[in-house]
Amino acid sequence: MIKKKIYMCILVLLLGLTFPALSQNISISGTVKDAQGEPLMGVVVTDDNGKSVGISDVDGNFTVSQSLSSAKMTFTLLGYKSVTVKSSDSPFSIVMSYDIHDLNSTVELGYTSVSKEDFSGSVSVLHGKQMQHAPVTDIRETFSGNIPGLYSGESYSEPARQSYDFAIRGISTKYKNQPLVIVDGVICYPGLSGYTLDYITPNEIDQVSILKDPASQSLFGGEGTEGVIVVTTKKGVKGKTQVNCYADFSMLEPTTKPRFINSWEYAEMRNQAAFNDGYGSNYYYSNQDIDNYKNHTDPYLYPNTNWYKMNMRQFMPMERGGVNLSGGNEWITFFTNVNVMHDDGPFKTEKGDGQKSNDYHRNLHEFWFNYRSNLDFKLSSWLGATLNIAGNVKKEHTPGGGYFMSTIYPHLFSIPSAVYGPVTPAIDGADYPSNQVIVTQNENDSPYGLINRTGYTNYTVNNLYAKFGLNFDLGFLVKGLTFGGSIAYKSYSRKGLMTTKNYRRYQRDISSSDLEFIRKGTSDNSSLSYGTDSDEFYDLYYRGDVGYKLDLGDHHMTAKAFGWYQRYESSGSGLPYDHALFGTDLNYNYMHKYALRLTMGYSGDSEFKRSERWTATPAASASWTISKENFMKSLPFVSLAKLRLAYGVTANDRIGIGRFYFEDKVNVVGGGPIGSLGYLTSENSYGNPNIHAEKFYKSNIGIDLGLFNWFDFSLDIFSERCNNMVCGNTVETPSFQGIPLGSIPQTNSGKMKNHGYEVQFSVGQQFKDFEFKVGANMAYYKDKILKNGETSLGDDYVAPYRSEGWAWGQAFGYKVDYSNGNGMYNFQSELDQAPKYSFGTPRLGDLKYMDLNNDGTINDKDKTALTYSSIPRITYGINGYLKYKNLDFSVLFDGWGKYKYIYSGMGIYESSYDGVYSSLHLHAWTQDRWNNDECIKYPALSTKTSTNHQPSDFFVYNCAFFRLKNVEIGYTLPKNWSKAVRLQNIRFVLSGQNLITWDHMKSNDFGPESNYSTVPVYRTYNVGVRASF
Amino acid sequence: MKIYKILAFVLGAMAFVSCNDKLDLDSDGHVDMSGVFKDRNSTRGYLNACYNYRLGTDLNASSLTDEAYDSRVITVGSLFDWWYNKGMTTDNFGSYEGLPWTSEFVGIRKCNVFIANMPNFTGYATDAEKAGWLAQAYCLRAYYYLQLFKRYGQVPLILTDIANTNYAGVKKAKVGEIVKQILADCDQALSSVEDDQAFSWNVLDGQGTIFTRATAYAIKSEAILYAVSPLFDDGTYTWADAQKVCGEALYQCLTHDYSLWNIKADGEAENAYAYYFLNTPFDKRITDKESILTLNGQLSIWSWYGVPTSEGQGQAGVCPTQELVDAYEMANGEPAITGYSDADHLKPIINSASGYDESNPYANRDPRFYASVYYNGSQWYAPAAGRSYIMQTYEGGAEGISQKDVKHTPTGYYLRKYNSWRSSKSGNSDGYVRIFRLAELYMNFAEAAYQAGSPDTKVSIGGSMSMSARDAVNAIRERAGMPDLPAGMSKDNFQTRYRNERRIEFAFEGQRFYDLRRWKVMDDNCKVLSGMDITKDGSNLTYKRFRFTNRAAVGDKYLLYPLGREEVNKMLKLSGENWQNSGWD
């Protein structure tokens, strides 16, 4: 009998017959409403097999074409308890009730999914609906504050080009990698999430889930340990075609601007610095000069040039729009989406001179569109197919040689306001040409020159993602058996047309008391010259899986086994990277009360030797829903009580120590000390054939608690330990053995641990005309390197180890002795008693460092730990949602805690270029200020590197902050109005992003994520409209 | 159902096997260690790599002895600031010539690997080539151990590749044992076939710095001389043993066409000794029959340690001290100054028989003085170019003395040796530093011979050749144009003259640094150093000696280098033994 079926199956396959199986359908319709009688839109109707068959419209009406064989229908909607009815109970009037616990929602786990009710691990889920409150271009901007346990730091902030540093549950190995990203079941090559997520907009997202527990991570083998970001995009649902579109218009401005230092302030500080350095008073500027600057007597000779204002626009505009369609019929369902984005540059630019050769667009601007098309085909009763195509095309236009904001921004501050600019003036009788770029002796580039006189670069970036899959429902052989396979291809290419030119530079002739300029250097105004630049990569992915599902009364079981192979190749990295993974995921639950999950990953990586290549990662998780026990019936107000436990192994094969580390790197080249020998054989490094993936033992304990269906609380406590972290191993290797210690291979001999917790709660309810939900979450972690193959620096060091025993990224520096109040040498007698500084001699007003080892000298030995870790220990968020009739309001706060950073560089130190001063320097130590008891915020200024310019706790900034991340106010037009224009729904929004930040920074010159010379975080004000029909 | 299971299993297994193949690294043409000794080129390349760790002579070492006082002392934190004013610590000692401990042991391991693997070499090579390669590796290992024990005294004697073993049981070897191994390695090398393809006496085209049979003899000579010197003597060898080895080394070189350079080349240099140091060594041994081993390339003395009036000079650097100048005898063969009557070296004890004139101190001196030191009134030697220039090192002169400027001499003298008048910004004609030259073999033999017997006793050194210590020293003096040492000196008197001769002959060649240590006379010579301050009034010159502050880097700990702190800590942890040399923390 079975044999016959196999033959049938093969026959069908061979013939390529993909005709739909014939079955008899009936049409069922009805309405869905909430407890208050309001119609519910978007309720998905699924059949016995969990397949969606229909969706409700704006009036709550649905029509499904239901197979007669399906006995039940289930209605689900996020935030509501799902309802299951018998198909024969038609006609329907379904009432769904509010559920803060979301127990019926589906948690996407990458390759599998499970209902929240039966899930025993630890996963944070962010739904597309929540993300859409933020007026942003890419989904990564919506993570912060919304996902407990995910640190999301904006590592670069230029609008529409942001990059992010993510960490899930902190840091558990010193090779901190980015979490793995999976988009619709396809692994994005590790480390390239930037190319993968940045073109996905919130409105294509069904949900983003962050896998944090070992059982969920173990399935990803060597890639799972840093956590997994699972992105699931929307799919079409059978029924009437839904069209949603939106348009947004935003204005963006930086959240911080350094204090503008007036030319007279500059002159005074410059004099002060020279005085401190022993050049006497009024070394650079006379008192008359300073008065002239103050009185604006001569704007040419005594200017007050605001380089920032001169080159930066207050706001940069950005427009976004998009449309998506979803729907389908018996055979095909679809979701397609197109977005466009355009922004128009942060700079003020000069006009071309009308000559064609010079008449190009100077400002930075970007245009991109992205597309996604998710198609699901039902080819027959047992064969389905999916085709997902997504991607984007970006056009980026920048000044000169690809100068994005990061290049230009620091130059806004490197030329003092006391320098006339930006170009030489046209003055009668002057013996220099006008309209030439002005720079200074120490700064060879002016922001004006970089923006306006360097040509332009056009980049075209093309990302493509395509996936084709087949799903076989082998239920006709064995009930519940499925089989599937998919192929995915991703590629990235970037092509730059670089049309660059140079500009002639002039500088003020300081020997002349008139406004004279002399030419600097030999660079000259040139015409555009053309060049190109390109890079690309691709990544191929094959996957096959087999699944089995069994329901026997109260026993429910699912099993899935899969295998995949991935190849990644890029234009810059030589040989391809190959990965393979096999995994099994077994789930069992009894009455949805007791659930058990066993997972196992088995992954192989081409970077390891054959014998060390494979890593097994078994894990298990279990849960007990106590609130379903009979004894809890006496406590009806406990709407949820659940205990979750997980323990298992995860692994990391991205150890970042160079490719094919198991091999010796021996080089035979021509030459060498004895020419007649002809060749030189260098043993560049020795391989460690035993190097293998790092393994992590992780555990997670979780408690979920709900009261009255109003209040939802959960707590997760985790701990992680790695006993085979890859690190140097020369603590017991003397150098006389003859291999240079730097060539001795690293081994799996390190140890590191990490632990922490996440807690979150929410309160919410629905009433007639009014609903609200308020929640908060917080995550904490603390890591410690236990063993890192580190040799002690010596017993006379205050901190003889700089990684072992510390958190990863701990920074060291000098402690300032604040016992006298301000931590500076205020009197000569105090200075006379100062210990020796190994890096210079302190002056009056310089920082007073503590000689922590009491050897009379301040040097590296006195450095001590000053910060926490390389990322914040605490991240938190607060969110709220209110709806009253047609008005809705949502708000999100996010924040960091326990995060310090030692700043350095331009604007922090004052001595760069011709002196770059910020608001702290205005209050630098001087004898007068000290005598007059004025506020002193900075040690004595210097024109060159001084003893103050060392890492010390003076430059430790507390970067904890609390931010009003996002606010959205929406107004939905009454239904009869929108219907009048043949629309189902029309809603206007006012929203903002990064609106207010409360921080502990020492000045308002820059925010906690950036520094003086990096692009600050941007704030967005937005108006928009959303419509559906 | 069964067939499903089988099918699933087979499919799964196939997927796994094919995946494993997919994950294997394709052959990318890279070589691993096991392949090196299967190929002629990579094996020769490995021998070449064995050569990579030879230590040359750093002229800076002269500024750490009584030969010179360095103008760079004024740079706070410079090696000389530390050495002269503050003293060295274990942590900052590495600022002088890097960390030879590490680099020499890397070289030794490479030799060990080469020696162990050559018997299994399967690539193409003639038997003579193979023997020659092996001989060079043995000879290099001996050279590396010589460099190590000269600096560190006892070091572990490692003759096989011990990487990745347990190091806890490794012990430092006695100097005698190390020297035994050095002699054995050199003998092993010398026992190989003598052939131009193998281990040869000859230097062929493109083989400038290759190790030859003469190198092996020079290593033996120096190693055993050091082993019986006061600092290193542990009873393993006697002066008689040293006399035998040094004598044989000298004999072998002399009978294989080595001889002292004696080309005068009028107009090019003052004398043969001066001319030797302005020439390219070896010259395939057509003209240069004295040089045995050279490593450094040309020294740009004119730029690095030159006179401030040469265009492109960066610093005066290594400037000869008054003590060195005083050490030069008079041309009549009499010592000029035999010591100082005060602790500050301001009152020289003048040998009245010498004819030394304090008001004209640079007249009638040993010809090697004029070849090695620029002094006030010395001719900038360029007769071939038809140019004449007189040095002015007096206060305010063009090359005047200064304590505040790295470009001017702090002592009143500039380095002359190696510095060619032909050198300038547009081309470097400066000379080379020799690591080994025949003169050293003469002097080594002389030292061993007078110590073993007496200065005038003739001993057979090989064949029918016999020689006394005095003969050997006189051979050197003869080339320099100096009269013979008188016969019949006591051992002590001869020792004084011998040590002075060595100081003069090998000035600025890196010998003095180690000689002072092995004789354990560093403190006597290096603590108090002086210069000559000359003032000019009309045509009158007034000579005034002055002293520098006492050098900080004196004391017994400086007789040997310290080991790196990390290395000491590791061995202390592994074996419980403190490997640090005494005096260093």
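When reading the values below, keep in mind they use all heavy atoms of this one structure, side chains included, and skip hydrogens, waters and symmetry mates. Order of the sequence lines sets the chain letters (A, B, ...), proteins ahead of strands, with each chain counted from 1.
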* Using non-hydrogen atoms only, which part of B/M571 is less than 4.5 Å away from chain A: side chain, backbone, both, or neither? -> side chain
* To do: Name the region of B/L47, side chain, backbone, both or neither, that has any atom closer than 4.5 Å to a heavy atom of chain A.
  => both
* To do: Check each atom of B/V113 against the heavy atoms of chain A and say whether the ones under 4.5 Å are side chain, backbone, both or neither.
  => neither
* Asked: Does any non-hydrogen side-chain atom of B/K570 lie less than 4.5 Å from one of A/T791?
  -> yes
* For residues B/Q136 and B/Y51, is any side-chain donor paired with an opposing acceptor at under 3.5 Å? -> yes
* Asked: Does some side-chain heavy atom of B/W579 sit less than 4.5 Å from a side-chain heavy atom of B/L572?
  -> no
* Asked: So, do B/R151 and B/E104 sit near enough that their side-chain heavy atoms are less than 4.5 Å apart?
  -> no
* Atom group of A/V669 that falls short of 4.5 Å from chain B, counting heavy atoms -> neither
* To do: Identify which part of A/I744 has an atom lying under 4.5 Å from any heavy atom of chain B, answering side chain, backbone, both or neither.
  => neither
* For B/N41 and A/Y679, what are the C-alpha separation, side-chain angles and deciding distance, and is it a side-chain hydrogen bond (donor to acceptor under 3.5 Å, both in side chains)? -> CA-CA 6 Å; B/N41 290 342; A/Y679 293 86; 3.3 Å; yes
* Largest heavy-atom contact set with chain B, pairs under 4.5 Å, which of A/P734, A/G672, A/S792 -> A/P734
* To do: Could you tell me which portion of A/T733 (side chain, backbone, both or neither) has an atom closer than 4.5 angstrom to a non-hydrogen atom of chain B?
  => both
* Asked: Is the NZ or CZ atom of B/K110 positioned over B/Y46's six-membered ring, under 6.0 angstrom from the centre and within 45° of the axis?
  -> yes
* Within 45° of the axis and under 6.0 Å from the centre of the six-membered ring of B/W82, does NZ or CZ of B/K86 qualify? -> yes
* Contact winner vs chain A - B/S42, B/P156, B/A49, heavy-atom pairs under 4.5 Å -> B/S42
* For B/I108, is it the side chain, the backbone, both or neither that has a heavy atom under 4.5 Å from a heavy atom of chain A? -> neither
* Asked: What part of A/Y686 lies closer than 4.5 angstrom to a heavy atom of chain B: side chain, backbone, both or neither?
  -> side chain
* Identify whether NZ of Lys or CZ of Arg in A/R659 sits under 6.0 Å from the centre of the six-membered ring of A/Y577 and within 45° of that ring's axis. => yes
* Asked: Who wins among B/G45, B/S103, B/G35 for the most heavy-atom pairs under 4.5 Å with chain A?
  -> B/G45
* Answer with side chain, backbone, both or neither: which region of A/N667 has an atom nearer than 4.5 Å to a non-hydrogen atom of chain B? => neither
* Among A/L680, A/D578, A/L793, which residue forms the greatest number of heavy-atom pairs with chain B at distances under 4.5 Å? -> A/L680
* Asked: Can you find a heavy atom in the side chain of B/Y152 that is under 4.5 Å from one in the side chain of B/K172?
  -> no
